[in-house]
Amino acid sequence: MAELDPTALGVRAERMINTLGSISAEPNRLVRLFLSPEHRGAADLISKWMADAGLAVSEDALGTVRGHWAGGGKKRLLIGSHIDTVVDAGMFDGPFGVIAGILAAGHFGEVNKKLPFGIDVLAFADEEGARYPVTLHSSLACAGAFTPTSLDISDAEGVTLRDAITRFGKNPADIPAAAYSPGEAAAYVEVHIEQGPVLEHRNQPLGVVSAIAGQTHLNVALLGEAGHAGTVPMLLRRDAVAGAAEVILLAERLARETRGEVVATVGHINIPAAASNVIAGNAAVIIDIRSGSDTARLQFVERFKAETRAVADKRHLGLLITTTRDVAMTPCDAALQEGFAKAVMAVGGRPLRLASGAGHDGTAMAKLCPIGMLFVRCRGGISHNPAEYASPADMGLAIAALIKFIEGFKA
C-alpha cells in the first residue's frame with residue numbers, strides 16, 4: 001500500500017475548506033444556516049467531492065448528504081460532522097470533519113483496498129442551532145430519534161421546520177427513511193477542531209475525546225416595572241435589567257466556585273422596548289450550563305435556580321425560569337478511544353485524552369451506536385469566530401490518523 005502523505009492531505013483539506021467557506025449568505029462574513037439556499041449550495045459541493053472520491057452519493061429528507069464506500073458485510077462505519085455555521089463563523093468547525101471523512105474514504109479507493117465493512121460519510125447541517133431553537137434534527141433522524149413535534153417549531157421569521165423542509169425540496173413524510181438500523185451502524189466517529197486551548201497548550205496536534213459534556217439551557221425571565229429614568233428613586237425601582245445583571249454575575253460566580261467542573265455562559269440578553277431613558281420592566285437571559293459530570297451540572301442548576309429566586313425576591317421582581325435544553329453527558333466508547341489512541345501514535349503523536357465542552361452530532365448518534373471523536377489543535381483555542389484556524393500540517397495528521405483508525409477498526 002502507498003505511504004500516507006499527511007502534508008498532501010492537509011493541503012487538499014485546506015483548499016477544500018477555503019472553497020466551502022466561500023458559500024455564505026453574506027459577502028463579508030460566513031453565515032450558512034440549516035435548510036437555506038447556502039445549505040443547498042454547500043450540499044451540492046459536498047456531493048461533488050464525494051462523487052469525485054468514488055463514493056455513492058445520496059441525500060435524505062433533512063438534507064444530510066451521504067457518501068457510501070462499499071465494503072464487505074452489512075456493517076457500516078459512519079464518519080460525519082456538519083456543514084452549517086453560526087452567524088459570523090469560522091470555516092473549520094464542522095466542515096473539516098466532513099472533508100476529513102471524504103479524504104479518508106477516498107484513500108481506500110485510491111489504493112484499491114477493500115474493507116470488511118462499508119463507510120458512510122455524513123454531512124449533517126443542523127448542529128449549530130443558529131436557525132431553530134432545537135437542534136441536531138439531521139443527526140437525530142439518522143439515529144432514528146427524530147421527534148415529529150419538532151416540525152412545528154419556528155425560526156425568527158416564523159418559518160416552521162416543516163415549511164423549511166418543503167421549501168428545500170424535500171418531503172417531511174420521508175424523514176423516517178433517514179434512520180439507520182442498529183444492526184447496520186457499527187459505530188459513528190467524528191474528527192473536529194478542539195474549539196479550546198488544551199492541545200495547543202500541551203503542544204500536541206491531536207487528542208482523543210473521552211466524552212461530550214452535558215448541557216442545560218435556562219431561560220430566565222424577570223418582570224419588573226417600567227418607569228422614568230429621571231423620576232423614580234433608586235430604592236423604589238423594580239429594574240428588570242439590574243436584576244438580570246445580578247443573575248449573570250451569579251452564574252459566573254457559582255461556576256467559578258466549581259473549580260472547573262462546570263462552565264456557565266450568558267451570550268443572549270433580551271430587553272423588550274429598550275430605551276436609554278426608561279427603567280426596564282422586562283428582561284430575559286439565557287444561561288448555558290455545561291459539564292462533563294451530569295451530577296455536577298444538575299447540582300449547579302438547582303443551586304442557581306434557588307439563588308436566582310432569592311435575587312428576584314430581594315428586588316421585588318417576577319421570575320420565570322424555563323429549561324429549553326437538557327442534554328446528558330455522552331461518553332465516548334472505550335474501544336473507539338483506544339483505536340484513535342493507537343492511530344494517533346501511528347502518526348507520531350501522543351494521544352491525550354480530553355472531554356469536549358462543545359456539543360456535537362455524536363450526542364444524537366449515540367442513540368444509535370457507539371461513538372468516538374478525534375480532536376485537532378486549533379490556534380488559540382478560538383472557535384465560532386472568523387479567526388478560527390487549524391494548520392494544514394495538523395489537519396493532514398488528523399486525516400492520516402483517521403485512515404489508520406479505519407484500517408484497525410473491527411466492525
Checking [X] side chain against [Y] main chain: does a donor-acceptor pair fall under 3.5 Å?
| X | Y | answer |
| --- | --- | --- |
| His82 | Asp84 | yes |
| Glu200 | Gly380 | yes |
| Thr135 | Glu127 | yes |
| Ser291 | Ser293 | yes |
| Ser47 | Ala43 | yes |

Does a donor on one side chain sit under 3.5 Å from an acceptor on the other, for [X] and [Y]?
| X | Y | value |
| --- | --- | --- |
| Arg377 | Gln204 | no |
| Glu388 | Ser383 | yes |
| His384 | Asp88 | no |

| said: Just checking His192 against Phe96, ring centres under 6.0 Å apart? | reply: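 No, ring centres 6.0 Å or more apart.
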
Could you give the distance from [atom1] ([X]) to [atom2] ([Y]), rounded to the nearest 0.5 Å?
| X | Y | atom1 | atom2 | value |
| --- | --- | --- | --- | --- |
| Thr216 | Arg325 | OG1 | CZ | 9.5 Å |
| His39 | Ile46 | NE2 | CD1 | 10.0 Å |
| Leu78 | Tyr180 | CG | OH | 5.0 Å |
| Leu199 | Phe375 | CG | CZ | 8.0 Å |
| Asp361 | Phe124 | CG | CZ | 5.0 Å |
| Cys332 | Ile371 | SG | CD1 | 4.5 Å |

| field | CG/Asp152: more than 12 non-hydrogen atoms of other groups inside 6.0 Å | value |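 Yes - once you tally the heavy atoms of other residues, nucleotides and ligands closer than 6.0 Å, there are more than 12.
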
| task | Any chance you could lay out the salt bridge (charged side-chain N to carboxylate O under 4.0 Å, His left out) test for Arg202 and Glu194, step after step, and finish with the verdict? | result | CA-CA 13 Å; Arg202 301 287 291 274; Glu194 182 195 351; over 6 Å; no

Please determine if [X] and [Y] form a salt bridge, counting it only when a charged side-chain N lies under 4.0 Å from a carboxylate O.
| X | Y | answer |
| --- | --- | --- |
| Arg76 | Asp120 | yes |
| Arg32 | Glu26 | no |
| Lys170 | Glu59 | yes |
| Glu110 | Arg12 | yes |
| Arg315 | Asp239 | no |
| Glu157 | Arg131 | no |

For a quick test of reading the model, state the closest non-hydrogen atom pair linking [X] to [Y] and the distance between them.
| X | Y | result |
| --- | --- | --- |
| Asp294 | Ala328 | OD2-CB, 3.5 Å |
| Thr64 | Cys142 | CG2-SG, 4.3 Å |
| Ala411 | Lys75 | CB-CB, 3.9 Å |
| Leu374 | Gly207 | CD1-O, 3.4 Å |
| Gly109 | Trp69 | CA-CH2, 3.3 Å |
| Gly243 | Val311 | O-CG1, 4.2 Å |

Taking the side chain as C-beta and beyond, is there a heavy-atom pair between [X] and [Y] under 4.5 Å?
| X | Y | result |
| --- | --- | --- |
| Leu35 | Arg167 | no |
| Leu319 | Leu222 | yes |
| Val191 | Val376 | yes |

| query | Taking the six-membered ring for Trp, are Phe409 and Phe117 parallel (under 30°), tilted (30 to 60°) or perpendicular (over 60°)? | reply |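 The arrangement is perpendicular - the two ring planes meet at more than 60°.
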
| said: Arg40 vs Asp44, test: salt bridge (charged side-chain N to carboxylate O under 4.0 Å, His left out). Steps then yes/no. | reply: CA-CA 6 Å; Arg40 177 71 274 152; Asp44 290 344; 3.0 Å; yes

